[in-house]
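Report on the structure given below.
The basis for the numbers below is simple: all heavy atoms, side chains too, and nothing from hydrogens, waters or symmetry mates. When a residue number appears, it is its place in the shown sequence, counting from 1. Indexing begins at 1, ligand by ligand and atom by atom, following the structure's order.
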Amino acid sequence: MIHEDQPLVLCMVGLPARGKSYIARKIVQYLSWCGSDARVFNVGSYRRSTLGAGQPAEFFDPGNAAGAEARGRVAESALADLLAWVKPGRTAVYDATNVGRKRRAWVRERCEAVGARVVYVESVCNDPDVIEANIRQTKLRSPDYEGVAESKAIDDFRGRIAHYARAMEPVDERDGPYIRLTDVGRRIETYDLTGWTLGRLVFLVMNLHIAPRSIWLTRHGESAWNAVGRIGGDAPLTPRGEAYAEALGSWLPTQVDAPDVWTSTLKRTVATAARLPWPSRALRVLDEIDAGRCDGLTYAQIESRWPDEFASRKADKLRYRYPLGESYEDVIARLDPVILELERMRRPAVVVAHQAVLRGLIAYFTGRPAADSPHLDVPLHTVIRLTPNAYGCDDTRFPLE
Ligand code: F6P
């Protein structure tokens, strides 16, 4: 992650049910995974905790002075918390409709006063089916509609959208730098963006979609070096590892249809995928963390030969880089294109790789920060099914011994 000196505030813009909170959450998930400090400030949650859930559609009518005043107060209190939190190196996402230019100018003014840069992220969606699916999948589960009959909740929510639609002023150059996404990444427009973080985020948001699919992950079967505790290398599978490849080859096709299959370039992953009935691609980016001078040693040998190296790794496993090798941070950085491709794909994917590499992928999809990644549990001979959804990601494990 390239450190940027100025704090960044991404101000979401768009009518209700346009996927703003989903995009906001994905942005924070991605930046945290890259090792950056990022956080969403969701005005809807402030409204619910200050004024209570279940405000009717009329509350959102721009002509309702009391409603507008109360909404202004919660917007202010979320923004105040955001401003107290942002600092150089941090990215805050201000998640609200922000449909009016005046409101957006207010956000900009307040952020610039603390030295933060503001970029608007507008989500436009004109596809009635996508809007309908979004209302059903997310809004009906919202605390705003707890205990309300479905048809009544949908009517009320449509009323809320109509109020905002009357006040909608799309973002343009007069607002300042922006990213506009139309119809779930079908069209993307950017204006006046600069810097590393924004460049990465454009790639991320253009690949997002909410079509249901699963990502299947597994480590290779046990290798000859696993069996004796040696790290790295390019050893073949043991008979136990071969038996896992066999079990995987007969079980996985009962679970998933026509996936893309990726392995690393190392013998143990290629052999593990060999019994699957689908073609596979061997990708160098999926190779195991490079242990450099420690490659081929056991942990006990590293500790006795280079106790300082061993201790440094223990103290900061994320940043520790093996002499002439890699750190977890390096692995995460090289996995970035894999993440973007997995986000983009609509077909299921099967990834046969290694402990450190899979930790990186799981950390991203399950919304964990970079620092958690070196410590995640990824046992041998276990298939992990990740299913991203509107709120997060299901992580289901299938031991196959
Ligand atoms: O032991 C198997 C292995 O894949 C090694 O090749 C690799 O160095 C290690 O796991 C990564 O795990 P950790 O970062 O916990 O040492």
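Neither side chain, Thr138 nor Tyr22, offers a donor N or O lying under 3.5 Å from an acceptor on the other. Side-chain atoms of Tyr322 and Glu309 form no donor-acceptor pair, as typed in the model, at a separation below 3.5 Å.
Other residues, nucleotides and ligands contribute more than 12 heavy atoms inside 6.0 Å of the CZ atom of Arg166.
For ligand 1, the protein residues placed under 4.0 Å by at least one non-hydrogen atom are Arg219, Asn226, Ile231, Gly232, Glu288, Ile289, Tyr299, Arg313, Lys317, Tyr328, Gln355, Arg359.
With a 6.0 Å cutoff to the six-membered ring centre and a 45° limit on the axis angle, Arg160 counts as a cation-pi contact of Phe60.
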Sequence neighbours left out, cut at 3.5 Å: what donor-acceptor pairs do the side chains of residues 369-377 make with other protein atoms?
none

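Listed for the Thr269 side chain is a donor-acceptor partner under 3.5 Å among the backbone atoms of Ser264.
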